[in-house]
Amino acid sequence: MALTTDLGRRPQLREVAGIPLQATTVDNWSQIQNFEAKPDDLLICTYPKSGTTWIQEIVDMIEQNGDMEKCQRAIIQHRHPFIEWARPPHPSGVEKARAMPSPRTLRTHLPTQLLPPSFWKNNCKFLYVARNAKDCMVSYYHFQRMNQMLPDPGTWEEYFETFVSGKVCWGSWYDHVKGWWEIKDRYQMLFLHYEDIKKDPKHEIQKVMQFMGRNLNETILDKIVQETSFEKMKENPMTNRSAVPTSILDQSISPFMRKGTVGDWKNHFTVAQNERFDKIYRKKMEGTSIDFCMEL
Ligand SMILES: Nc1ncnc2c1ncn2[C@@H]1O[C@H](COP(=O)(O)O)[C@@H](OP(=O)(O)O)[C@H]1O
Ligand SMILES: CCc1ccc(OS(=O)(=O)O)cc1
């Protein structure tokens with residue numbers, strides 16, 4: 001597959017406890033770790049490219065009782081502070097969260113071991129969305145091609161190695177998903193799969209609604225299903241990242257709302273890569289009960 005080649009110009013990652021993160025996040029690490037969560041916080045947790053924007057829009061539509069105009073009040077990145085986000089001189093995710101009235105909905109890509117401890121102490125609600133590793137890898141590859149704030153992914157073949165070895169921003173997909181899955185019954189956590197939302201959005205949105213302690217009628221639920229479809233969100237300037245400068249997200253390379261499907265990995269993985277991936281996957285995920293749907 002074709003290369004993007006501006007190696008050397010993209011920022012490189014640094015590490016916290018072996019997890020690669022953006023350098024600006026690492027510079028801000030003590031502020032992030034000392035973040036004071038509140039008992040009524042809802043934290044959206046995902047591995048990158050697992051449907052974060054999608055679940056954010058679903059949660060916001062539930063919070064706003066299906067009022068689309070209220071959901072248009074700001075771009076999605078500004079509605080739910082991203083707690084490990086740091087890009088001086090802009091306010092950090094922690095600063096944005098502090099300035100937000102409760103009840104707050106926040107978001108993170110951090111693995112469990114790096115989450116600020118106050119989230120556990122305050123028994124906050126966690127909404128985790130997991131996406132199958134192969135589609136996640138494909139989506140992340142295209143995102144790294146277009147995101148000028150992340151390292152250049154190199155060729156697809158090179159990226160395959162980078163991803164399976166966990167040397168991407170926010171670390172290993174396997175460890176992230178296993179980490180959140182293994183603690184799900186010890187906390188107030190709703191654990192969803194991207195593929196299930198795709199298959200039966202109304203059913204999964206109802207689960208989110210109940211988890212949030214809300215009760216919306218069928219008409220509103222149907223509206224949320226429609227407004228959060230891939231096609232609608234791709235056209236929606238509040239969700240499609242069209243407001244982000246090209247110097248950060250170059251959507252002429254790959255759109256942020258790219259395909260939104262299950263099984264696009266089949267258009268990228270060679271037979272040999274697929275066999276190798278499955279072997280690595282079995283080893284890394286040995287002993288876990290989590291299961292993924294790879295095609296619909
Ligand atoms: N409403 C929606 N329905 C399905 N997929 C969606 C979606 N909104 C965003 N996505 C997909 O979620 C991925 C982005 O995830 P995140 O928000 O975590 O960065 C992209 O996947 P693809 O690159 O496979 O298209 C994007 O297209
Ligand atoms: C950390 C890399 C990153 C992630 C997301 C970005 O844009 S957006 O928040 O999705 O609009 C930019 C950089």
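Please read all numbers here as calculations on a predicted model, not as lab measurements. Every number for a ligand or one of its atoms is a count from 1 in the order of the listing.
Apart from I75 itself, the hydrophobic cluster it occupies contains M238, where clustering links Ile, Leu, Val, Met, Phe, Trp and Tyr at side-chain heavy-atom distances under 4.5 Å.
Aromatic pair F119/F35: centroids less than 6.0 angstrom apart. Ring centroid separation for the pair F269 and W156 comes in under the 6.0 Å cut-off. Between H193 and F292, the ring centre distance stays below 6.0 Å.
Shown in contact with W170 at under 4.0 Å from a heavy atom are these atoms of ligand 2, numbered in order with element: 1 (C). Counting the atoms of ligand 2 from 1 in the order shown, those under 4.0 Å from a heavy atom of L249 are 7 (O), 11 (O). For ligand 2, the atoms sitting less than 4.0 Å from at least one non-hydrogen atom of Q77 are 9 (O), 11 (O), numbered in the order shown with element in parentheses. Within ligand 2, counting atoms from 1 as listed, the ones closer than 4.0 Å to a heavy atom of V244 are 11 (O). If you number the atoms of ligand 2 from 1 as listed, the ones under 4.0 Å from a heavy atom of W85 come out as 1 (C), 3 (C), 12 (C), 13 (C).
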Expected rows: ligand 1 N/O, protein N/O, dist below 3.5 Å:
residue  : atom   : partner : partner atom : Å
ligand 1 : 1 (N)  : W54     : NE1          : 3.3
ligand 1 : 1 (N)  : T228    : O            : 2.9
ligand 1 : 1 (N)  : F230    : N            : 3.4
ligand 1 : 5 (N)  : Y194    : OH           : 2.7
ligand 1 : 15 (O) : G51     : N            : 3.4
ligand 1 : 17 (O) : T52     : N            : 3.3
ligand 1 : 17 (O) : T53     : N            : 2.9
ligand 1 : 17 (O) : T53     : OG1          : 2.7
ligand 1 : 18 (O) : K49     : N            : 3.3
ligand 1 : 18 (O) : S50     : N            : 3.2
ligand 1 : 18 (O) : G51     : N            : 3.2
ligand 1 : 18 (O) : T52     : N            : 2.9
ligand 1 : 18 (O) : T52     : OG1          : 2.4
ligand 1 : 19 (O) : K49     : NZ           : 2.8
ligand 1 : 21 (O) : R131    : NH1          : 3.2
ligand 1 : 21 (O) : S139    : OG           : 3.4
ligand 1 : 23 (O) : S139    : OG           : 2.6
ligand 1 : 23 (O) : R258    : NE           : 2.8
ligand 1 : 24 (O) : R131    : NH1          : 3.3
ligand 1 : 24 (O) : R131    : NH2          : 2.9
ligand 1 : 24 (O) : R258    : NH2          : 3.0
ligand 1 : 25 (O) : K259    : N            : 2.7
ligand 1 : 25 (O) : G260    : N            : 2.7
ligand 1 : 27 (O) : R258    : N            : 3.4

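Every pair passing salt bridge (Lys or Arg N to Asp or Glu O under 4.0 Å) that includes a residue from residues 25-41 is listed here, sequence neighbours excluded: R14-D27, D41-R104. Within the structure, every pair that satisfies the side-chain hydrogen bond (donor to acceptor under 3.5 Å, both in side chains) test and touches residues 112-128, not counting sequence neighbours, is listed here: Y128-H176.
The closest side-chain donor-acceptor pair between R214 and N65 falls under 3.5 angstrom. Between the side chains of T108 and E84, at least one donor N or O lies within less than 3.5 Å of an accepting N or O.
The proximity of T53 to ligand 2, defined as any non-hydrogen pair under 4.0 Å, does not occur for either the backbone or the side chain.
Using a 4.0 Å cut-off between charged side-chain N and carboxylate O, E204 and K207 make a salt bridge. Using a 4.0 Å cut-off between charged side-chain N and carboxylate O, E295 and K134 make no salt bridge.
Of all protein heavy atoms, the one closest to atom 5 (C) of ligand 2 is F143 CZ, 3.7 Å. With respect to atom 13 (C) of ligand 2, the closest heavy atom belonging to the protein is N147 ND2, 3.0 Å. Protein heavy atom nearest atom 8 (S) of ligand 2, with residue, atom name and distance: R241 NE, 3.3 Å.
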